[in-house]
Chemist: 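After the structure tokens below, expect a handful of questions from me.
FYI, side chains are in, hydrogens and waters are out, and symmetry mates aren't considered; it's all heavy atoms of this structure. Chain identifiers are assigned alphabetically (A, B, ...) following the order of the sequence lines, protein sequences preceding nucleic acid strands; residue numbering begins at 1 within each chain.
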Amino acid sequence: MNRYLPLAITALAILAMATLFLVIAPGMQIGAQGPSPGLNPYTEAEARGRDVYVSMGCLYCHSQQPRSIAQAPDAERGWGRASVAGDYAYDNPHQLGTMRTGPDLMDIGDRLPSQGWQLTHLYQPRAISSWSIMPAYPYLFEHKDKADPGDVVVKLPPAYAPKTGVIVAKQDALDLVTYLQGMKRQYAPPADGLRDDGYALIAAEQQKQTDAAKASN
Amino acid sequence: MMSDKMKKDPRLPDETFEPFEETRRIPLPVYWIAIALAIWGVFMLVETSHSTQVADKARAQLDKQEQTKTAQVSAPDPAAGKALFSDNCATCHGDAGEGVAGAFPPLHGSDVVKLGGAQAVTEIVMRGIGGPLNVNGESYDGEMPAFGSVLSDKEISEIASYVATGLNDGTKTISASEVADIRKVSGDMDPWNGGAELAGLINGLPAQPDAKTPAAKGPDAKLVAQLVNEGTDTVWSCASCHGEKGEGLETVPRLAGLPAAYLVKQLHDFQKGARFNDSMAYVAKGLSDREIIDLANYYAGMSSPSGATPSLQGDLKRGAQLAKEGDWSIGVPACFTCHGPSGIGVAPEFPGIAAQQPSYVAHQLAMWAGGARHNSPLGLMAGISKALSDADRRSVADYLASLPPVPGSKPADMVAMTTSASAAKESSNDQ
């Protein structure tokens, strides 16, 4: 062990190459993508709601990356099409998440666009699904004797409603729901969306070629 | 003493000796392996880049198809018109547009087409038509769905031109841009109200029967609108998930045009726990029997454009085969045998499935196959769903999503308070 210089240079070169191919090159490739056509930047309320989403750590249980048909039945669950890089253009940091303790939320605004449902569910998930293990978020709401004008009253079944007065959503809850309602990914993905299609498209293309060959015979 | 210790004993090995290895050549096999790996790596790189090229090409082709679908090209292609006609119209109007006596008016040699030309055909295809209508002196009273939301301007122009000039001896075709102009004006309008309203469009149309006046809105119309748009103190509004036009999205089903009796049964099943969906069980438990019937009638009578597009990468050809003919090799009958021609539904038991949301259909089929949904008459759907593969479920769901929407049902098919209340009682006794 007396030739430190070549050793250090080789080690650094390997590290540099890995960084180039795994970090810098994909970063440039994705950076050149820009936002998907059809994706809108966040409104002010949505951006505030996103901050609430981040601060409450929703991503520890909810992913934001539906898989393609070839990999998982996410589309059949109504979780939307497989996402592409451009879908996250306005997310910094993105909230991809890896855990699916709860359902994927990338397309929640299409699947559950109801503000009323979202508020009830945030206040007490068990009011809707008795088996739900999602935490309740009572601190996003306020117990009032009477709703003031402009207040959004949470719809609750008798078992979960307060004995007197009403439950009213605080601004954080309204913003969070606005953010969730805005999570719509129904638009068509760009053609060069850097998307993993699994083998489905290739298989379809090969099938087409064999069909064409058969037809010409 | 010290000097004795310091002194080296020649019999002992040198303690300052630093072990080292002499440079040796790397064995040849290692080189071979490294070179083989490098060649393999390059080969794989070329191979996979080829496969992404294939995928890119396939995707570009899909995009191109999408573009040509919406492109505003001028002259309609008669061959394409004929193919579109047999795909979309021939099921009811016959391959040569001969119609079915007493049920579906003819398009070949029809006075409506002759007098109105491609323009009138476009108007009818775009909006659909329902109610009493005289064609060539024969009277008809059916429902034709609106194709405006499932066919592009170009496709409608090709169909209308084929009907006017191919099936009849008209000379005037209609271009896609003219269709686009008609869509701007009447794309969102309700279906034509029988021949009476059509007479206003087509000059010189022979006498037409009086149009049925739409059922007067009951005293509950306001209450129903409140339920649909705002909900109650405990229940969310219907429209907040199912959409303002009841067209649904993703796993939220389309409700517009489904038989009222079917909707009532589903809501009661949610109440009793015979059909599982936490959100809908919550809603149904918060509704009175009266409200359920009013809402079912409201959605049954609704005509709205299709909100569904094929999105599950299903094989539309396979889906069409399953829907129209079934597949007896796996013991699956045609969907349309029970759900009516073109999936428009057969009241009261079989809901319309045309223009239903593909994720919803695929999801429900999976639930039937797995036993989580088990409330179909005679358990029919369980057997069918179990026979379908995952790809088949997606194919048939995508095909149904490509069909024109079910028109709203006539007042005669509505559920009356008394009959369905007794029916509900009966079904609750079953449990």
Chemist: Classify the side-chain pair B:S240/A:W117 by whether it contains a donor and acceptor separated by less than 3.5 Å.
Modeler: no
Chemist: Examine whether an atom of B:V235 lies under 4.5 Å from a heavy atom of chain A, and if so say whether it belongs to the side chain, the backbone or both; otherwise answer neither.
Modeler: backbone
Chemist: Check each atom of B:T232 against the heavy atoms of chain A and say whether the ones under 4.5 Å are side chain, backbone, both or neither.
Modeler: backbone
Chemist: Would you compute the distance between atom CD of B:E250 and atom NZ of A:K184 and round it to the nearest 0.5 angstrom?
Modeler: 10.0 Å
Chemist: Can you find a pair of side-chain heavy atoms, one from B:Q313 and one from A:I69, that are under 4.5 Å apart?
Modeler: yes
Chemist: Tell me, yes or no, whether the heavy-atom count around A:Y187 atom OH, taken from other residues, nucleotides or ligands under 6.0 Å, exceeds 12.
Modeler: yes
Chemist: Does the side chain of B:D390 come within less than 4.5 Å of A:E76's, by heavy atoms?
Modeler: yes
Chemist: B:T251 versus A:W79: any side-chain heavy-atom pair under 4.5 Å?
Modeler: no
Chemist: Highest number of heavy-atom pairs under 4.5 Å with chain A: which of B:A281, B:A391, B:A362, B:S359?
Modeler: B:S359
Chemist: Is any side-chain heavy atom of B:L249 less than 4.5 Å from a side-chain heavy atom of A:P113?
Modeler: no
Chemist: Can you tell which part of B:E18 gets under 4.5 Å to a heavy atom of chain A, answering side chain, backbone, both or neither?
Modeler: neither
Chemist: Run B:Y282 and A:T120 through side chain to side chain contact (heavy atoms under 4.5 Å, CB included) and show every step you take.
Modeler: CA-CA 11 Å; B:Y282 175 105; A:T120 306; 4.0 Å; yes
